[in-house]
Each structure stands twice: as structure tokens, then as C-alpha cells.
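Presented below is the structure to which this report refers.
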Amino acid sequence: MEPTIWVEAVGKLAPTGIAGISIFYVYLQYRRSQKWRASDLAQTLLQKLDSDQSLNLACQALDWGVGPLILPDRYRPLFPYEKEGAMTAIMAHDPEVLCEAVKPRLNESTLRDPRGLVYRYCFIKLFDFFDKMYRLVMTRQLSLEDIGDARYWLLQIRDYAYAPHTREGRSVFQPALHRWDFRNVILLGEMLDVKDWSRGEEWTDKNG
């Protein structure tokens, strides 16, 4: 090919090549932006486990076998007033009350005990939180690598470490997950390598 013809050919191809490089650069920037947004969203969600009072109570109840739990403001009216008309700010953690409260069917003992109602409300909110997190992962708005800290809480939900001797740890929360249609919590757990969940058939009426 003569030099003049080669120069003309390159000249014709150059705009196409530059356009291709520009499109690829824009795509890379878009992907980076997506990743940053997903990372920011994951951080915001995980921080919510500390900042949201109801979610924080549920996480503390998973993490502790005994001790005081700070009551979410919205549930304080359920409790008797303390001296000088002040509302109760804390409640004593009781795994037995918790286990009764998260049985799929609401029972009399839970209705009579304000702590049971608080546990029930807070754990429904926690299950809903992880359900939404699963949906965000499935729509690629969240990356699994950014929500690894959620794995700890899902392990506790799968097998509650502080279940009383009358209950198996795996039978505390899993029946509710199945019967309240929070199976996405289980799917999220499996994505984060939390294995060996029940399929639900083994839970009998004695589990609520």
C-alpha cells in the first residue's frame, strides 16, 4: 500500500476508533459509579442496624443472652410508668420471652407481656430489613462483597445461640421465616454462605 493511501485509510478509521474508545471510557465510568453507589448503599444499610432503635434491639437480643435492652421510643408506652411519671427506658432481656414472641402464631403469653410484643415487632422489622436487602442484591443495587457483615446476624437467626434448654436454636426463628413469608432472608443467608437452613416441613404445631 502506498504511503498516501495508508494515511488516508488511517484518517478515515481514526474517528471511529476514537468514538469506540470514548464509549468504552464512558462505560467504565458508569460501572465505577454503580459500584460506588452500591458500596455507599451497603454501608448505609449496615449502619442502620446500629442507628435504628428497633433493628438495634433485635440485634442486641441476638448477640446477648442476658442484660438490659434499650427500648425503642415508640414502644415505651407499652410499659408501666416509673417513678414521677417517667417512661421505662430499658427492658430486661429474656430469651424465653423472645422465643415465645417469635412463634408464628401470636399467643396469650406474648400479648400479656410488653417485652414479648417488643420482640415480635422488632424481629419482624429485622426480617423485613434482610428481605429488602436480598431484593437489592437481586436487582444488582447491592453487591454481596459489600454486605459481608450481615452474615453474622444471619448465622444467629439460623441457629439462636441463647435458646432455652426447651428449644433447639434452629427452631426459634426459622418457623416464622417460613410462615411469615420471609424466605428471602434464608436465600440471602445462603448467598453469604450461611448453609443448612430448614425447608420448613419439619416444623410442627408445637413450634407455634
**OP:** Side-chain contact test, heavy atoms from C-beta onward, threshold under 4.5 Å: evaluate it for Arg105 versus Arg179 and give yes or no.
**Re:** yes
**OP:** Give the minimum heavy-atom separation between Gly65 and His93, together with the two atoms involved.
**Re:** C-CD2, 3.8 Å
**OP:** Search all heavy atoms of Ile147 against all heavy atoms of Val137 and return the closest pair with its distance.
**Re:** CD1-CG2, 3.8 Å
Original post:
Between Trp197 and Leu187, does a side-chain contact (heavy atoms from CB on, under 4.5 Å) hold up when you go through it step by step?
Top reply: CA-CA 9 Å; Trp197 297 84; Leu187 296 176; over 6 Å; no
Subject >> Straight-line distance of Asp131 CG to Leu136 CG, nearest 0.5 Å >> reply: 10.0 Å
**OP:** Looking only at non-hydrogen atoms, find the nearest pair between Ala150 and Met133 and report the distance.
**Re:** CB-SD, 4.1 Å
Subject >> Residues forming a side chain to side chain donor-acceptor pair (under 3.5 Å) with Asp94, sequence neighbours excluded >> reply: none
**OP:** Give a yes or no on this: more than 12 heavy atoms of other residues, nucleotides or ligands lie within 6.0 Å of atom CD1 of Ile70.
**Re:** no
Original post:
Sub-3.5 Å donor-acceptor pair from the side chain of Arg183 to the main-chain atoms of His178, do we have one?
Top reply: yes
Subject >> Interatomic distance, Tyr134 atom OH to Leu144 atom CG [nearest 0.5 angstrom] >> reply: 10.5 Å
Subject >> Distance (rounded to the nearest 0.5 Å) between Arg158 CZ and Ile186 CD1 >> reply: 11.5 Å
Subject >> Under 3.5 Å: donor-acceptor pair, side chain of Thr139, backbone of Arg135 >> reply: yes
Subject >> Evaluation steps, side-chain contact (heavy atoms from CB on, under 4.5 Å), between Leu62 and Tyr162 >> reply: CA-CA 8 Å; Leu62 287 173; Tyr162 301 105; over 6 Å; no
Original post:
If you round to the nearest 0.5 Å, how far is NZ of Lys132 from CG of Leu45?
Top reply: 11.0 Å
Original post:
Taking Ser143 for the side chain and Ser39 for the main chain, is one N or O donor matched with an acceptor at less than 3.5 Å?
Top reply: no
Original post:
Among all residues two or more places apart in sequence or in another chain, which pass the side chain to side chain donor-acceptor pair (under 3.5 Å) test with Tyr160?
Top reply: none
**OP:** Check Leu126 against Leu55 and note the closest heavy-atom contact, atom names and distance.
**Re:** CA-CD2, 3.6 Å
Subject >> 4.5 Å side-chain heavy-atom contact, Leu177 and Ile157 >> reply: yes
Original post:
Nearest heavy-atom pair of Gly116 and Ala101: which atoms, and what distance?
Top reply: O-CB, 3.2 Å
Subject >> Asn56 vs Leu49 side-chain heavy atoms within contact, under 4.5 Å >> reply: no
**OP:** Start with the C-alpha distance between Leu98 and Phe173, add both sets of side-chain angles, then the distance that settles side-chain contact (heavy atoms from CB on, under 4.5 Å), and finish with yes or no.
**Re:** CA-CA 10 Å; Leu98 167 58; Phe173 299 110; 4.2 Å; yes
Original post:
Rounded to the nearest 0.5 Å, what separation is found between the CG atom of Leu71 and the CZ atom of Phe79?
Top reply: 4.5 Å
Original post:
Does Ser54 reach the side chain of Tyr121, with side-chain heavy atoms less than 4.5 Å apart?
Top reply: no
Subject >> Cys99 side, atom SG; Glu168 side, atom CD - distance, nearest 0.5 Å >> reply: 11.5 Å
Subject >> Listed partners of Arg151 passing side chain to side chain donor-acceptor pair (under 3.5 Å), at least two apart >> reply: none
**OP:** Test side-chain contact (heavy atoms from CB on, under 4.5 Å) on Ile90 and Leu69 and set out the steps.
**Re:** CA-CA 5 Å; Ile90 61 173; Leu69 298 176; over 6 Å; no
**OP:** Answer yes or no: is there a donor N or O on one side and an acceptor on the other, between the side chain of Glu100 and the main chain of Glu96, under 3.5 Å?
**Re:** no
Original post:
Going by heavy atoms in the side chains, are Leu57 and Tyr119 under 4.5 Å from each other?
Top reply: yes
Original post:
Should Asp73 and Arg76 count as an ion pair when the cut-off is N to O under 4.0 Å?
Top reply: yes
Original post:
Which atom pair, heavy atoms only, marks the closest approach of Cys122 to Ala58?
Top reply: O-CB, 4.0 Å
Original post:
Do Met138 and Met191 come within less than 4.5 Å of each other through their side chains, counting heavy atoms only?
Top reply: yes
Subject >> Plane angle bin for Phe182 and Trp180 - parallel if under 30°, tilted between 30 and 60°, otherwise perpendicular >> reply: perpendicular
